[in-house]
Participant: 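I'd like to ask some things about the structure below.
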Amino acid sequence: MVPPTQRASGDSGPLSALGRGAGPATLILSSLAGGAKHGYALTKDIEAFAGVRLAPGTLYEVLNRLENQGLIEALATAAGAQALQAHLQAQRNVADVGLRRLARSWGVT
């Protein structure tokens with residue numbers, strides 16, 4: 001497994017080690033959390049729940065990297081589920097801070 005890296009945002013863990021691939025990895029792991037899927041089914045599921053269409057090159061490159069890190073097999077591994085949970089929690093924390101600041105400074109709720 002690739003060792004976790006510390007990023008400026010405070011995000012760390014296996015998904016942050018993917019750099020710009022963390023976004024597609026999050027989408028792929030979220031899709032696989034619902035059950036096993038082949039490439040086309042992953043693409044369609046991600047498009048349905050996120051409104052994002054991953055290009056085949058991106059999809060298969062990230063799938064390969066996730067598999068090499070031991071985060072997926074036919075579906076997400078326990079390590080993949082833990083990595084996804086940690087990554088999503090970090091993103092939730094960033095979103096919560098941003099929303100609180102918007103509400104305080106701009107009255108946006």
Side-chain angles (χ1 to χ4, degrees):
M1 181 186 318
V2 175
T5 59
Q6 188 70 29
R7 306 203 78 188
S9 67
D11 184 21
S12 65
L15 292 187
S16 66
L18 292 170
R20 68 181 190 166
T26 301
L27 294 171
I28 290 167
L29 286 170
S30 294
S31 181
L32 291 175
K37 294 174 189 72
H38 55 75
Y40 181 77
L42 279 168
T43 299
K44 288 300 179 186
D45 184 48
I46 291 167
E47 196 170 356
F49 77 77
V52 174
R53 180 157 175 81
L54 295 179
T58 299
L59 175 70
Y60 290 105
E61 176 186 344
V62 175
L63 284 171
N64 187 48
R65 292 174 78 182
L66 289 170
E67 187 173 10
N68 288 341
Q69 286 187 320
L71 299 178
I72 63 169
E73 292 168 349
L75 37 118
T77 64
Q82 290 175 348
L84 176 61
Q85 189 277 332
H87 182 75
L88 292 174
Q89 186 61 49
Q91 295 304 307
R92 175 183 283 161
N93 293 339
V94 170
D96 288 346
V97 167
L99 290 170
R100 280 193 306 271
R101 289 178 179 179
L102 280 171
R104 211 176 23 231
S105 299
W106 296 92
V108 176
T109 56

Participant: Hey, does His87 have a side-chain heavy atom less than 4.5 Å from the side chain of Arg92?
Facilitator: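 No, side chains not in contact.
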Participant: For Val62, run the side chain to side chain contact (heavy atoms under 4.5 Å, CB included) check against Ile28, Thr26, Leu29 and tell me which one passes.
Facilitator: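 When Ile28, Thr26, Leu29 are each tested with Val62, the side chain to side chain contact (heavy atoms under 4.5 Å, CB included) holds only for Ile28.
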Participant: Using every non-hydrogen atom in the two residues, find where Gly39 and Tyr60 come nearest and quote the distance to one decimal.
Facilitator: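 Smallest heavy-atom distance, with atoms named: CA-OH, 3.2 Å.
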Participant: Would you give the length of the straight line joining atom CZ of Arg65 to atom CD of Glu67, rounded to the nearest 0.5 angstrom?
Facilitator: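 If I round to the nearest 0.5 Å, the distance is 14.0 Å.
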Participant: Pro24 and side chain to side chain contact (heavy atoms under 4.5 Å, CB included): which partner among Leu66, Val52, Thr58?
Facilitator: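 By the side chain to side chain contact (heavy atoms under 4.5 Å, CB included) criterion, Pro24 pairs with just one of Leu66, Val52, Thr58: Thr58.
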Participant: Among Leu32, Asp45, Leu42, Ile46, which residue meets the side chain to side chain contact (heavy atoms under 4.5 Å, CB included) test with Leu27?
Facilitator: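 So the option named by the test is Ile46.
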Participant: To the nearest 0.5 Å, what is the distance between CZ (Arg101) and CZ (Arg104)?
Facilitator: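 Between Arg101 CZ and Arg104 CZ, I get 6.5 Å after rounding to 0.5 Å.
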Participant: About how many Å separate OG1 of Thr43 and CG of Leu59, when rounded to the nearest 0.5 Å?
Facilitator: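 OG1 of Thr43 is found 4.5 Å from CG of Leu59.
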Participant: Looking only at heavy atoms, which two atoms of Thr77 and Gly70 are closest? And how far apart?
Facilitator: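 Closest pair (atom of Thr77, atom of Gly70, distance): OG1-O, 3.0 Å.
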Participant: Do Leu63 and Phe49 share a hydrophobic cluster (ILVMFWY, side-chain heavy atoms under 4.5 Å, transitive)?
Facilitator: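 As far as the 4.5 Å side-chain criterion goes, Phe49 and Leu63 are connected within one cluster.
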